[in-house]
S.K.: 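This is the structure I want to talk about, given as structure tokens.
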Amino acid sequence: MNLLEEIEEEIRNCRKCDLWKSRKNPVVGEGSTDAEILLIGEAPGYWEDVKGKPFVGKAGQFLNELLASIGLKRKEIYITNILKCRPPNNRNPLRCEIQACTPYLDRQIEYINPRVIITLGNFATGYILNKYGFGSEPIGKIHGKIYRADKIIIPMYHPATAVYNPRMRKTLLEDFKILVRFVKACR
Ligand code: URA
Ligand code: SF4
């Protein structure tokens, strides 16, 4: 069992916040364990909770389009979330839930050791910018901006905001183009 699998096992048994009570399945994350690019979303939604996999619902469909638009395959990157269990009715994560759950994310980051971290939406962006010593601002102000620390951090809008919003789709497609230069030429 590698370290990532150990983390996975811990998450399956985790009761550190109340979300374990209502989850069907935790969503640990998915992708390449030596990915150069790590995508961090917010929390599992309905279908993610049913299937135990990240971004498999409507937002996931659009995420797949975004990745395809720059020639990235899901299996080349790693995708996870701030929270590993679904909040009831997809409500926002609570501060105490983020506090309880993010040690798992921290360990995933350490193990995968990506060069680039894409944060999707306000919750992932706030947590990661803070972790790497930056002040956070609303995503509307900083989406597509490149932060350089120990990692390269690029905040983006959450793909769910674009599902019924063509203008947001365009913005996200534009922002994803920034990633092209961070994708290795030889893979
Ligand atoms: N939204 C997220 O933030 N994460 C998922 O895995 C699915 C939808
Ligand atoms: Fe544990 Fe995170 Fe699930 Fe809460 S959300 S029960 S901290 S794995």
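Model, not experiment: these values are computed from the prediction. Positions are given from 1, in the same order as the sequence printed here. Whatever order the structure lists them in is the order used to number ligands and atoms, beginning at 1.
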S.K.: Measure from atom 1 (N) of ligand 1 to every heavy atom in Lys51, His158, Lys53, Glu30 and give the option owning the shortest one.
M.R.: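 Nearest option to atom 1 (N) of ligand 1, by heavy atoms: His158.
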S.K.: What's the separation between atom CE in Met1 and atom CD in Glu6, rounded to the nearest 0.5 Å?
M.R.: 5.0 Å
S.K.: How about Phe62 and His158: are their ring centroids closer than 6.0 Å?
M.R.: no
S.K.: Between Ala160 and ligand 1, find which residue part has any heavy-atom pair under 4.0 Å and reply side chain, backbone, both or neither.
M.R.: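 Contact part for Ala160 vs ligand 1: neither.
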S.K.: Regarding Lys75 and Glu30, does a basic nitrogen lie under 4.0 Å from an acidic carboxylate oxygen?
M.R.: no
S.K.: Around atom NZ of Lys151, are there more than 12 heavy atoms from other residues, nucleotides or ligands closer than 6.0 Å?
M.R.: yes
S.K.: Which bit of Glu42 is near ligand 1, meaning a heavy atom under 4.0 Å away: side chain, backbone, both or neither?
M.R.: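 The part of Glu42 near ligand 1 is both the backbone and the side chain.
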S.K.: So which protein N/O/S atoms does atom 1 (Fe) of ligand 2 have within less than 2.8 Å?
M.R.: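 Counting only protein N, O or S atoms under 2.8 Å from atom 1 (Fe) of ligand 2, the list reads Cys14 SG.
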S.K.: Would you say Ile7 and Ile77 are hydrophobically clustered, going by side-chain heavy atoms of ILVMFWY under 4.5 Å?
M.R.: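 Hydrophobic grouping puts Ile7 apart from Ile77.
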S.K.: Under the side chain to side chain contact (heavy atoms under 4.5 Å, CB included) criterion, do Leu67 and Lys73 qualify, and how do the steps go?
M.R.: CA-CA 7 Å; Leu67 293 170; Lys73 298 195 169 62; over 6 Å; no
S.K.: Can you sort out which atoms of ligand 1 are near Gly41, meaning under 4.0 Å from one of its heavy atoms?
M.R.: 3 (O)
S.K.: What about Phe55: any of its N or O atoms under 3.5 Å from an N or O on ligand 1?
M.R.: yes
S.K.: Distance-only check: which donor-acceptor pairs under 3.5 Å involve side-chain atoms of residues 43-51, not counting sequence neighbours?
M.R.:
unit_1	atom_1	unit_2	atom_2	d
Glu48	OE1	Gly45	N	2.9
Glu48	OE2	Val56	N	2.9
Glu48	OE2	Gly57	N	3.0
Asp49	OD1	Lys24	N	2.8
Asp49	OD1	Asn25	N	3.3
Asp49	OD2	Lys24	N	3.3

S.K.: I'd like to know if Asn81 contacts ligand 1, where contact means a heavy-atom distance under 4.0 Å to any ligand atom.
M.R.: yes
S.K.: State, to 0.1 Å, how close Arg86 and Leu19 come at their nearest heavy-atom pair, and which atoms those are.
M.R.: O-CD2, 3.9 Å
S.K.: Run down the list Ala43, Gly29, Ala59 and name the one with the heavy atom closest to atom 5 (C) of ligand 1.
M.R.: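 Selected option, by shortest heavy-atom distance: Ala43.
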S.K.: List the atom of Cys17, the atom of Glu97, and the distance in Å for their closest heavy-atom pair.
M.R.: SG-CG, 3.9 Å
